[in-house]
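I have placed the structure first, in the form of structure tokens, so that the comments after it can refer back to it.
Computed from heavy atoms alone, side chains included, the values below leave out hydrogens, waters and symmetry copies. Chain A is the first sequence line, chain B the second, and so forth, proteins listed ahead of strands; every chain is numbered from 1.
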2 protein chains.
Amino acid sequence: MSHTYEYARAALTVDCVVFGLGEDELEVLLIRRALEPFANRWALPGGFVHIDETLEDAALRELEEETGLRKVYLEQLYSFGAIDRDPRERVVTVAYYALVKLSDHKVRAATDASDAAWFAVSDLPDLAFDHAQIVDMALNRLRAKVRYQPIGFELLAKKFTLTQLQRMYEVILERTLDKRNFRKKILGMDLLVELDEVQKDVAHRAARLYKFDDRRYRKLVKQGFSFEI
Amino acid sequence: MSHTYEYARAALTVDCVVFGLGEDELEVLLIRRALEPFANRWALPGGFVHIDETLEDAALRELEEETGLRKVYLEQLYSFGAIDRDPRERVVTVAYYALVKLSDHKVRAATDASDAAWFAVSDLPDLAFDHAQIVDMALNRLRAKVRYQPIGFELLAKKFTLTQLQRMYEVILERTLDKRNFRKKILGMDLLVELDEVQKDVAHRAARLYKFDDRRYRKLVKQGFSFEI
DNA sequence: CCAAAAGTGTTCACGGTACACCCATGC
DNA sequence: GCATGGGTGTACCGTGAACACTTTTGG
């Protein structure tokens with residue numbers, strides 16, 4: 001089936017910047033392109049928006065098709081419409097960013113087809129299209145947003161230690177935080193539930209596990225509470 | 001000239017939420033639609049993106065064509081892609097918001113064709129498409145952003161009094177601010193230039209005029225300064 | 001018993017907030 | 001001289017920041 005329009009139309013795509021929390025750095029999931037343009041170059045997962053799906057659905061679909069990821073935290077980032085951002089024709093892309101728990105997904109993406117891999121944000125390869133610019137904006141957005149919205153938890157397993165939580169912020173914000181002040185602040189928010197459970201298989205004292213209480217967070221927000229790190 | 005594509009393509013539009021500062025309220029500039037769908041309903045200024053213009057260029061062009069506004073502060077807001085947001089066919093819109101100085105533009109929009117008018121945000125008419133949702137998001141964005149970026153100045157004349165500046169924040173944030181604390185804070189940021197000039201034609205003591213020093217702001221930001229109200 | 005990380009309080013400085021009166025000007 | 005807004009300072013409190021040692025556990 002083909003379609004005819006009076007005026008030329010831009011093509012519409014979505015692209016996703018998928019962040020995972022590495023040892024000492026944020027990592028981004030990239031796909032090696034099989035086809036021209038930019039064949040063999042690394043690029044963000046993404047693709048064309050179908051006529052009968054929303055932008056977010058398109059992003060989720062492409063993410064699953066190209067990386068196997070499902071049920072990730074997804075948020076729209078920005079739309080990019082420079083005239084020549086795609087050498088073939090006019091393509092406008094709506095960029096999203098996603099946060100995933102590497103604990104769940106690292107293996108999958110690493111062992112899957114050899115065409116998907118995680119890269120530290122400070123050591124990204126040359127990217128196709130304007131994807132470097134998109135990653136850059138996504139990083140800035142994440143660094144800003146993580147400070148005033150509790151989205152960082154999406155990068156951690158459901159149960160986590162306070163040290164893991166602190167390290168997550170240190171990695172994203174690229175600065176060290178004081179352990180006692182951090183704990184005082186985060187526990188004072190009353191958003192974490194202390195579990196009757198501790199770490200396993202560690203070669204030292206096992207830390208207590210906590211989980212984030214989303215229901216409680218939403219209730220507090222309604223009462224005017226605002227999260228801040 | 002007509003164009004054919006293998007797959008159906010969504011149409012792409014831009015829409016603008018234009019904010020102006022009214023007496024006691026923020027106002028939004030709306031256009032009365034001449035054509036179906038939603039003929040005769042109020043809507044955001046906007047229209048189709050041409051194949052050879054960027055998204056921002058399209059927004060600026062539509063703004064000028066439909067409202068006569070030029071050189072406004074413009075920022076991308078969000079892209080809306082619900083399947084049925086336009087009853088005719090699939091249309092994805094990239095929404096922008098703009099801040100204008102009513103002192104410059106109010107007359108123009110009011111006296112122009114009878115198809116453009118300012119409305120207080122608390123008293124908007126029924127809007128076409130999903131434009132109510134877009135305005136809502138724009139308002140939230142503006143209220144958040146005005147607190148940590150000096151964009152509010154775009155709503156004021158170049159020269160303004162501290163009382164006008166304070167009122168601008170009170171109108172946007174919908175709460176009163178303490179006069180002495182406000183002045184202490186804003187003057188302490190060292191972003192305002194005190195002019196050798198005072199208000200004219202007021203029936204009481206004339207207030208000193210100030211202007212915002214954008215060059216200085218950018219320099220301070222580079223040094224790690226962050227604006228906050 | 002040693003290595004490794006968990007866990008825990010106090011002090012200080014600064015910034016936010018609350019608060020009220022006199023002054024200058026135009027009519 | 002009166003009405004209207006312009007302009008100014010201080011005291012208190014809460015939060016953020018700096019800072020070091022003891023405890024627990026596994027090996």
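- Annotation: side chain of Phe19(B) is in contact with side chain of Val121(B) (closest heavy-atom distance under 4.5 Å).
- The distance from atom NE2 of His131(B) to atom CZ of Arg41(B), rounded to the nearest 0.5 Å, is 11.0 Å.
- Arg183(A) comes within 4.0 angstrom of a base, heavy atoms only.
- Rounded to whole angstrom, the span from the CG atom of Leu209(B) across to the C1' atom of dG7(D) amounts to 15 Å.
- Per the geometry, CZ belonging to Phe160(A) stands 14 Å off P belonging to dA6(C), to the nearest Å.
- Arg147(A) has its CZ atom 13 Å from the C1' atom of dG16(D), to the nearest Å.
- When each of Lys184(B) and His204(A) is assigned the nucleotide of DNA chain D bearing its nearest heavy atom, the one mapping closer to the 5' terminus is Lys184(B).
- Residue-level contact check: Thr161(A) touches neither bases nor backbone, having no heavy atom under 4.0 Å from any strand.
- Between Ile229(B) atom CD1 and dG15(C) atom P there is a gap of 15 Å when expressed in whole angstrom units.
- Residue Met189(A) contributes atom CE, which lies 12 Å from atom C1' of dT15(D) at whole-angstrom precision.
- Across the protein-nucleic acid pair, Leu187(A) atom CG and dG9(C) atom C1' stand 14 Å apart, rounded to whole Å.
- Atom CG in Leu177(A) sits about 14 Å away from atom C1' in dA18(D), given to the nearest Å.
- Note: NZ (Lys200(A)) to C1' (dA6(C)) measures 16 Å, nearest angstrom.
- Among the heavy atoms of the strands lying under 4.0 Å from Lys179(B) is at least one base atom, whether or not backbone atoms are also near.
- For Asn181(B), the listed nucleotide lying nearest its side chain is dA18(C); candidates were dC27(C), dA18(C), dT24(D).
- Taking the nucleotide of DNA chain C with the nearest heavy atom to each of Arg208(A) and Asp178(B), the more 5' of the two is matched to Arg208(A).
- Here Phe80(B) and Tyr78(B) bring their ring centres to under 6.0 angstrom of each other.
- Distance check, rounded to the nearest 0.5 Å: CG of Leu102(B) to CG of Leu21(B) gives 6.5 Å.
- Between Lys185(A) and dT15(D) there is no side-chain polar atom (N or O) within less than 4.0 angstrom of OP1 or OP2.
- Ring orientation note: the planes of Tyr169(A) and Phe182(A) are tilted relative to one another, at an angle of 30° to 60°.
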